**Student:** 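Can you keep this structure in mind? I'll have questions shortly.
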Amino acid sequence: RSSDLKKCGLPNHPELILLCDSCDSGYHTACLRPPLMIIPDGEWYCPPCQHKLLCEKLEEQLQNLDVVLKKKERAERRKERLVYVGISLENIIPTQEADVPEVQEVKKKETKKAKPPLERRSTRTRKCISYRFDEFDEAIDEAIEEDIGDRKST
């Protein structure tokens, strides 16, 4: 039916009409912007339905990010309270929470980002240390001889 075609309303070229899998509206492949040269395989959604699906997915992602952000803020506030009280976070047994898998993935990404990159440890400059006691003994003997010589002369 020509009334079902959303863009042009013309019934010509019925073989090039695409029907939306969501709202069953018809579009000619040439009437779309950008125009399609071939009929795509699989599901196809008209531009308004694509927009609606995209908005729904973005809304869902925003809600998931809000949940993660609230948990992060709660953890920060808890950390501040514990510091105020004087309790170390390392002495507290972590609680097991049932998280949404997507939230766990976001947490994994955050922990990967939070870890500092592994760097080479700094080392002190190494001095050449002689463990030969002969030099030490000679220095002690010289000091003793000087002390003895000073006492004899006085």
Side-chain angles (χ1 to χ4, degrees), residues 6-7 16 18-154:
K6 290 289 186 182
K7 196 77 169 175
L16 297 177
L18 291 173
L19 293 177
C20 177
D21 288 330
S22 179
C23 67
D24 288 333
S25 297
Y27 287 83
H28 283 110
T29 56
C31 293
L32 295 169
R33 294 292 169 246
L36 294 176
M37 297 301 147
I38 57 170
I39 295 177
D41 292 333
E43 294 181 345
W44 179 82
Y45 298 100
C46 64
C49 289
Q50 282 179 337
H51 180 75
K52 186 169 68 174
L53 288 172
L54 178 64
C55 289
E56 289 171 1
K57 286 181 183 178
L58 288 174
E59 186 68 31
E60 182 180 333
Q61 285 182 344
L62 283 174
Q63 289 173 352
N64 290 341
L65 289 174
D66 282 342
V67 168
V68 170
L69 183 63
K70 286 179 183 177
K71 285 186 178 184
K72 190 174 182 180
E73 288 174 351
R74 271 190 259 130
E76 288 294 322
R77 283 190 302 234
R78 181 174 185 235
K79 193 177 196 180
E80 290 172 3
R81 285 193 308 266
L82 292 176
V83 166
Y84 178 74
V85 175
I87 299 174
S88 174
L89 285 176
E90 296 163 356
N91 296 336
I92 297 176
I93 299 172
T95 58
Q96 298 292 330
E97 297 178 1
D99 289 336
V100 180
E102 297 167 355
V103 173
Q104 289 176 347
E105 290 175 15
V106 172
K107 282 186 179 180
K108 287 179 185 176
K109 290 178 184 176
E110 287 178 358
T111 56
K112 288 180 183 177
K113 291 178 184 176
K115 291 181 183 177
L118 296 176
E119 295 179 3
R120 188 163 184 237
R121 292 178 54 192
S122 64
T123 57
R124 296 183 196 162
T125 56
R126 295 184 181 178
K127 296 180 182 177
C128 183
I129 300 173
S130 173
Y131 292 102
R132 295 184 2 205
F133 294 105
D134 298 335
E135 295 172 8
F136 179 73
D137 289 341
E138 289 174 10
I140 295 286
D141 288 341
E142 287 176 15
I144 292 173
E145 287 175 11
E146 287 178 9
D147 283 343
I148 293 173
D150 289 341
R151 286 189 185 167
K152 286 182 182 177
S153 61
T154 51

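Everything numeric in this text was worked out from a predicted model, so none of it was measured.
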**Student:** With rounding to the nearest 0.5 Å, note down the distance linking CD in Glu59 to CG in Asn64.
**Tutor:** 10.5 Å
**Student:** Rounded to the nearest 0.5 Å, what separates atom CG in Leu53 from atom CD in Glu56?
**Tutor:** 5.5 Å
**Student:** Can you tell me how far the CD atom of Glu145 sits from the CD atom of Glu138, to the nearest 0.5 Å?
**Tutor:** 10.5 Å
**Student:** Supply the atom-to-atom distance Arg77 CZ to Glu73 CD, rounded to the nearest 0.5 angstrom.
**Tutor:** 6.0 Å
**Student:** Sequence neighbours excluded, which residues qualify as side chain to side chain contact (heavy atoms under 4.5 Å, CB included) partners of Pro34?
**Tutor:** none
**Student:** Are there more than 12 heavy atoms of other residues, nucleotides or ligands under 6.0 Å from atom CG of Leu58?
**Tutor:** yes
**Student:** Working to the nearest 0.5 angstrom, can you tell me the gap between Leu54 CG and Cys49 SG?
**Tutor:** 12.5 Å
**Student:** Considering all heavy atoms of both residues, which atom of Leu18 and which atom of Leu32 are nearest to each other, and what is their separation?
**Tutor:** CD1-CD1, 4.0 Å
**Student:** Among pairs that include at least one residue of residues 34-44, which meet side chain to side chain donor-acceptor pair (under 3.5 Å), considering only residues two or more places apart or in two chains?
**Tutor:** Glu43-Tyr45
